[in-house]
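As structure tokens, the structure follows; a few thoughts come after it.
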Amino acid sequence: MCGILAYVGHREAYPVILKGLKRLEYRGYDSSGVAMIHDSIKVYKKKGKVAELEEFLMGKELKSTIGIGHTRWATHGEPSDRNAHPHMSNSGRIAMIHNGIIENYASIKQDLLSKGYKFNSDTDTEILVNFIDDILIHNSCSLEEAVRVALKRVVGAYVIVLLDEENPDTLIAARKGSPLVIGIGKGEHFLASDASPIIEYTKEVVYINDYELAIIKSDELILKNLGNEKITPFVQQLDLELSAIEKGGFDHFMLKEIYEQPKTIYDCLRGRLDIAHEDIIMGGVESQIDKLKHANRIIIIACGTSWHAGLAAEYIIEELCRIPVEVEYASEFRYRNPIVNKGDVIFAISQSGETADTLVAIERAKEQGALIFGVLNVVGSSIARVSHAGAYTHAGPEIGVASTKAFTAQLVVLTMIALKIAKEKQSVSHDRFVELLHELNALPEKVEKILSDVSSIQSIAAKTANANSFLYLGRGYNFPVALEGALKLKEISYIHAEGYPAAEMKHGPIALVDESLPVLFVATRDAYHEKVVSNMQEINARKGKLIAVVTEGDKTLAAFTKDIIAVPAADEIIAPILNVIPLQLLSYYIGVSRGLDVDRPRNLAKSVTVE
Ligand code: M6R
């Protein structure tokens, strides 16, 4: 949710910032801007994607070795040139970029209006930069001190980076609730919302914590808390390769990430699945095994695709571990005075580890004494920091806004967690445990097989690309897959889609069915198969356009439709990990055939750091 990039050092700042903003564009892309110091502060901003800013700035003299840049996902005020960041203070001394939301901006704005301040935008950011400016003017203090004073009054979440005309060699940055990483080069520093724009310059980074303030020059990094005490920066080595954040010959990141799944699933299993000793090794689970196996209840908190992984986990954990599970939308859980009892364990699932709804929900549960177990992809992310224990999904950076490889990695990790708890709790037989280990082990090869021939998916995409609406149906373990398929289609193609339990469909949504409605059944062989076939009959009788994801070799559905996608046979607990892959591809091909930007769908952002 907004990408931040700043540079101070010996290079020209603009090319570094522009390249970095392109890497961060997945975080927001409705407008962008840069500010640099060349005698005075110069700000350039443009509505639209970073490419439009680049075109706008083509041929302009942008000489400076210090600068800040921002790519925006609008919260306060529509996407426009004037609402784009950076924002200048009325005095013209400071420019600021911001990721997050200042919740009490309205009262601060009132104070500033009464002092004669004028605002050119609808943003909370412009209020904050002027609030800092006002403190600076009235207290004759340093900018660093003014920022500290201002942030003590601010309610909300932020990363801010400021450029100061009177100190043209220094950047000031601060964070609370939104991510900020500083890359340490030789005589240069890079500030960014994540490490992806930094990796090509340096692998040495410092992750800034909440309520910390950084004062950064080309050859100096000072960290302080809001009480003005110095903190020793904790320098870490990035474990990330440039190839992981480039398209690598694919047309889109989304397609690249779909095709990476054999590898990401393998990486997720590696070192954990111990077939030889018939065991699963997961340090995070083992460290909390008593609490996990004796949990009265597991509450899963997540949003979007991660919530769908949580729903699948509910079925798996209840089946294997016999522990009651509730799956909560993070945004609802936080605000409804939830009951969290002693002995409850919270699973927080998040690809980015920065989702504000999830973060605040688990902070609330933590206050109530619950154990927080994170299932996360991004090492060192905000949710990782507040979790007591957890397991990483090792899916690597996911750049496409639509989550694909992160989802399958979440399912794999959650299945392994459930199996490990079940083994320790002895709620699963040894034979069943070993059978599922082998099923997991076979996954990368089966995913390869799905990806090796996508012709049936492409042909269904071509036939349905102009549909107005889609219905996705599945039962049992395949119900979350239906929900995820529908979400993917909505995000990427802007076609309305609903996911429903296949049998529940007859209690309402069946009214939508006519010869124009594609109805996709996730109908692989499992305990519900016959019932699902009956549900297909019901749609067939009403002339819905049936599409089915079936187990290879299953001919029972050929009588209803030619639009069949076959996937390799798998145990019903494991099958969702395979079954979702054709649905990811279907959305992708439909989105592409509609001429849409599948990596950056409208209105979305990869990392939703506002509530
Ligand atoms: O980073 P998170 O997993 O916490 O993100 C949660 C949702 O915002 C995310 O899954 C969203 O639904 C994706 N765009 C799905 O493709």
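Just follow the structure's listing: the first ligand is 1, and inside any ligand the first atom is 1.
For atom 5 (O) of ligand 1, the closest non-hydrogen atom on the protein side is Thr355 OG1, 3.4 Å. Scanning the protein for heavy atoms near atom 7 (C) of ligand 1, the closest one is Cys303 O, 3.7 Å. For atom 8 (O) of ligand 1, the nearest protein heavy atom (residue, atom name, distance) is Val608 CG2, 4.1 Å.
Using a distance-only test at 3.5 Å, with no hydrogens or angles considered, no donor-acceptor pair links the side chain of Tyr207 to the main chain of Ile182.
Checked by distance only, ligand 1 and Thr305 come closer than 3.5 Å through their nitrogen or oxygen atoms. At least one N or O atom of Ser352, backbone or side chain, sits closer than 3.5 Å to an N or O atom of ligand 1.
Residue Ser306 has at least one heavy-atom neighbour below 4.0 Å for each of these atoms of ligand 1: 2 (P), 3 (O), 10 (O). Below 4.0 Å from some heavy atom of Lys488 lie the following atoms of ligand 1, by number and element: 15 (C), 16 (O). Each of the atoms 16 (O) of ligand 1 lies under 4.0 Å from some heavy atom of Ala402.
In this structure, His252 has its ring center closer than 6.0 angstrom to the ring center of Tyr588. A distance of 6.0 Å or more separates the ring centres of Trp73 and Tyr29.
Ligand 1 does not have Leu604 within reach: every non-hydrogen atom of the residue lies 4.0 Å or more from it.
When the options Lys490, Glu398, Glu491 are ranked by their closest heavy atom to atom 11 (C) of ligand 1, first place goes to Glu491.
Atom NZ of Lys203 has more than 12 neighbouring heavy atoms from other residues, nucleotides or ligands inside a 6.0 Å radius.
Taking the six-membered ring where tryptophan is involved, the planes of Tyr477 and Tyr315 are tilted, since the angle between them lies from 30° to 60°.
With respect to Glu439 and Lys446, a salt bridge is recorded, a charged nitrogen being found less than 4.0 Å from a carboxylate O.
Cation-pi check for Arg602 over Tyr494 is met; the charged atom lies under 6.0 angstrom from the ring centroid and within 45 degrees of its normal.
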